[in-house]
Amino acid sequence: MLKIVVCVSGGGTNLQAILDAIDSGKITNTEIMAVISNNSKAYALDRARNHDIPALCMSPKRYPDRAAFNEAFTEKMKELNPDLIVLAGFLVAIPPAMVDAFEGRIINIHPALIPSFCGVGYYGLHVHEKALEYGVKVTGATVHFVDKGMDTGRIISQKAVYVQEGDTPEVLQRRVMEEAEWVLLPQAIDDIANGRIALPEKRV
Ligand code: GAR
């Protein structure tokens, strides 16, 4: 059984896609140990509680500085000791010490085709604003392993989505979620849980 912790910051539709895929049997061999958010008001936490999954808030605002938050967050993760950490719309940089402790065991969903529209400042709706501003005709989503860079880790899977005439950032965001994110992220978890994507030896 693959034990996962899902980290979220907002609405949690990607978390919901994972929960639905576990319920329907599209993801097998997987248990969500906990959902962690940096934002106590994130609706994603309610989605977790509705599924009787422990929902925790770890906000950088509750610590004197970023170093103290990073240490507490990393310690919490080591205590939980999941097999896999899934960043499902998590908008906080992962502490380098956590990347070291869980090397090759953290995955992220990004709402564009990396290496386009990624890196510092490219998150959430901004990504789609930038894609429309640039005028690309195709965008999409990427699932990748997390390393110490921003959106630089090894790519696991990608799916292209067409931009349509008259798209607003909101409309494009929704299409990318429906056609790409909610498909790719559950699929990647199931592939890892069932050995089709190998993970390195555990360090923690
Ligand atoms: C998703 O589009 C996800 O890809 C994006 O935030 C959104 C969260 O939505 N993540 C990033 O931009 C990370 N760089 P959700 O809370 O409804 O899943």
Side-chain angles (χ1 to χ4, degrees), residues 4-22 26-27 32 34-51 53 55-60 73 84-95 98-99 106-134 136 138-161 163 167-189:
I4 70 175
V5 167
V6 183
C7 298
V8 292
S9 294
T13 63
N14 277 285
L15 169 65
Q16 192 64 51
I18 298 167
L19 292 168
D20 292 347
I22 291 174
K26 278 193 193 149
I27 295 178
I32 303 180
V35 170
I36 300 181
S37 180
N38 58 305
N39 170 10
S40 62
K41 298 201 178 86
Y43 183 61
L45 290 173
D46 293 322
R47 295 183 195 267
R49 290 187 195 107
N50 291 340
H51 258 77
I53 293 166
L56 325 170
C57 173
M58 292 212 63
S59 168
F73 187 29
L84 182 73
I85 300 167
V86 178
L87 311 182
F90 189 58
L91 305 182
V92 173
I94 296 302
M98 193 186 296
V99 177
I106 310 176
I107 64 171
N108 178 48
I109 179 94
H110 183 75
L113 293 174
I114 291 174
S116 287
F117 307 112
C118 65
V120 176
Y122 286 86
Y123 60 90
L125 202 59
H126 299 306
V127 177
H128 306 290
E129 284 166 0
K130 299 277 184 199
L132 289 176
E133 249 169 63
Y134 198 96
V136 291
V138 180
T139 183
T142 303
V143 177
H144 64 95
F145 287 106
V146 172
D147 62 12
K148 287 179 189 160
M150 190 61 84
D151 302 328
T152 51
R154 184 158 62 88
I155 291 174
I156 296 172
S157 56
Q158 293 188 302
K159 194 163 186 286
V161 174
V163 177
D167 271 352
T168 62
E170 291 79 5
V171 167
L172 183 58
Q173 178 181 50
R174 182 76 192 182
R175 189 177 316 114
V176 168
M177 284 176 159
E178 280 176 0
E179 293 184 14
E181 297 187 44
W182 301 341
V183 179
L184 289 181
L185 191 56
Q187 181 66 56
I189 295 168

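All residue numbers in this chain count up from 1 along the given sequence. As a basis for the values below, the full set of heavy atoms in this structure was taken, side chains included, without hydrogen atoms, waters or symmetry mates. Order of appearance sets the numbers: ligands from 1, and atoms from 1 within every ligand.
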Check: N38 and L91 side chains under 4.5 Å, non-hydrogen atoms:
no
Looking only at heavy atoms, is any part of Y122 under 4.0 Å from ligand 1, and if so is it the side chain, the backbone, or both, or is it neither?
backbone
A student checking ligand 1 against G124 at a 4.0 Å heavy-atom cut-off should list atoms 11 (C), 12 (O)
For atom 11 (C) of ligand 1, what is the nearest protein heavy atom, given as residue, atom name and distance?
P111 CD, 3.6 Å
Side chain to side chain, E179 and V183, heavy atoms closer than 4.5 Å
no
Which of the numbered atoms in ligand 1 are under 4.0 angstrom from any heavy atom belonging to G89?
6 (O), 8 (C), 10 (N)
Distance-only criterion, 3.5 Å: show the donor-acceptor pairs between side-chain atoms of residues 107-116 and protein atoms not counting sequence neighbours.
| residue | atom | partner | partner atom | Å |
| --- | --- | --- | --- | --- |
| N108 | ND2 | H144 | NE2 | 3.0 |
| H110 | NE2 | F117 | O | 2.7 |

Give a yes or no on whether the ring-centroid distance for F90 and F73 is below 6.0 angstrom.
yes
Neighbour count >12 (heavy atoms, 6.0 Å) for atom NZ, K26:
no
By side-chain hydrogen bond (donor to acceptor under 3.5 Å, both in side chains), which residues pair with E170, not counting sequence neighbours?
none
Atoms in ligand 1 flagged as close to I109, the criterion being non-hydrogen separation under 4.0 Å
4 (O), 10 (N), 13 (C)
If we only consider heavy atoms of V8, is any one of them less than 4.0 Å away from an atom in ligand 1?
no
Where is the nearest protein heavy atom to atom 14 (N) of ligand 1: which residue, which atom, and how far?
H110 ND1, 3.3 Å
Rounded distance (nearest 0.5 Å) linking atom CD1 of I94 with atom CE of M150
9.5 Å
What do you reckon, does T13 have a nitrogen or oxygen under 3.5 Å from a nitrogen or oxygen of ligand 1?
yes
Starting from atom 4 (O) of ligand 1, what is the nearest protein heavy atom, named by residue and atom, and what distance separates them?
E181 OE1, 2.7 Å
Quick one: look up the protein heavy atom nearest atom 16 (O) of ligand 1 and list residue, atom name and how far away it is.
G12 N, 2.7 Å
Any ion pair linking R154 and D147 (charged N to carboxylate O, less than 4.0 Å)?
no
Backbone or side-chain N or O of N14 under 3.5 Å from ligand 1 N or O
yes
Looking only at distance, does M177 have an N or O less than 3.5 Å from an N or O of ligand 1?
no
